[in-house]
Amino acid sequence: MKVGFIQCAIISVIFAVIGYLVFSSSGMETSLPLTVAASLLFSGIVTPYLASLFGTSAITAEPESGVSGETATLYVGNLPYKANEDAVKEYFNSYVNVQSVRLMKDRRTGKRKGYGFIEVVTSDVDQAITELNDKVFLERTLKVRPAKEKGEME
DNA sequence: GCTGAGCGG
């Protein structure tokens, strides 16, 4: 169940009305703006709490908790030396959802080592590998394997 | 600056 801004606004108004009725029937001498302000302040505390109960991110606006799939790190070998990361990313994006591309080139000399690592978002890693493995990119047959080290930890 | 197996910051 999703709780959006409209629902939160409705709940806030409801609590504002309830608060106004409570303050009015309490016999206290309170002004109307002060009552409404206090009620809205109270609803501002209750509404995010209710929203957190429903597991929504409308109020807290928390960053994506990675529910949109698993990100797997894949090793890509046999890459052409004359290949930049953007071209590789664009090339792999036509097959799988590429999140990041890292082409390993030596920092001292700047020479490309000819391999790199990509992070793809897929439910099945083997399927992504079979989709990307032995693909010809710039006259080179790419070798895609699951990354051996630096395994992606939750 | 080319090259051609390879698992990194």
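Being a predicted model, the structure only gives us computed values, none of them experimental. A, B, ... follow the sequence lines: proteins, then strands. Residue 1 opens every chain.
For dA5(B), the base has a donor-acceptor partner in the side chain of Tyr81(A) [N/O atoms by modelled type, under 3.5 angstrom].
The side chain to side chain contact (heavy atoms under 4.5 Å, CB included) test with Val101(A) is passed by exactly one of Val120(A), Val76(A), Asn93(A), Val88(A): Val88(A).
The distance between atom CZ of Phe137(A) and atom P of dG4(B), rounded to the nearest whole Å, is 20 Å. Rounded to whole Å, atom C1' of dC2(B) lies 16 Å from atom CG of Asp106(A). For Leu138(A) and dT3(B), the CG to P distance is 14 Å, given to the nearest whole Å. Atom CG of Leu142(A) and atom C1' of dA5(B) are 15 Å apart (whole Å). Look at NZ on Lys111(A): it is 12 Å from P on dG4(B), rounded to the nearest Å. Here the C1' atom of nucleotide dT3(B) and the NZ atom of Lys105(A) are 17 Å apart, to the nearest Å. Whole-Å rounding puts the Arg112(A) CZ to dG4(B) C1' distance at 15 Å. Summarising the geometry, the separation between NZ on Lys82(A) and P on dG4(B) is reported as 14 Å, rounded to the nearest angstrom.
For the pair Tyr115(A) and Leu79(A), nearest-nucleotide mapping onto DNA chain B gives the more 5' position to Leu79(A). When the nearest nucleotides of DNA chain B are assigned to Arg140(A) and Arg102(A) by heavy-atom distance, the more 5′-ward of the two goes with Arg140(A).
Both Val96(A) and Leu74(A) are members of a single hydrophobic cluster when ILVMFWY side chains are connected at heavy-atom separations under 4.5 Å.
Residue contacts shown for Gly77(A) are absent, as no nucleic acid heavy atom lies under 4.0 Å away.
In the set dG4(B), dG8(B), dG9(B), the nucleotide with an atom closest to the side chain of Ala147(A) is dG8(B). Comparing dG9(B), dG4(B), dC7(B) by their closest approach to the side chain of Lys113(A) singles out dG9(B).
Side-chain atoms of Glu119(A) do not come within 3.5 Å of backbone N or O of Ser100(A) as any donor-acceptor pair.
Remark: Tyr95(A) engages Tyr91(A) in a ring-ring contact (aromatic ring centres under 6.0 Å, His included) (not counting sequence neighbours).
When all heavy atoms are compared, the tightest approach of Ala83(A) to Phe137(A) is CB-CE2, 4.0 Å.
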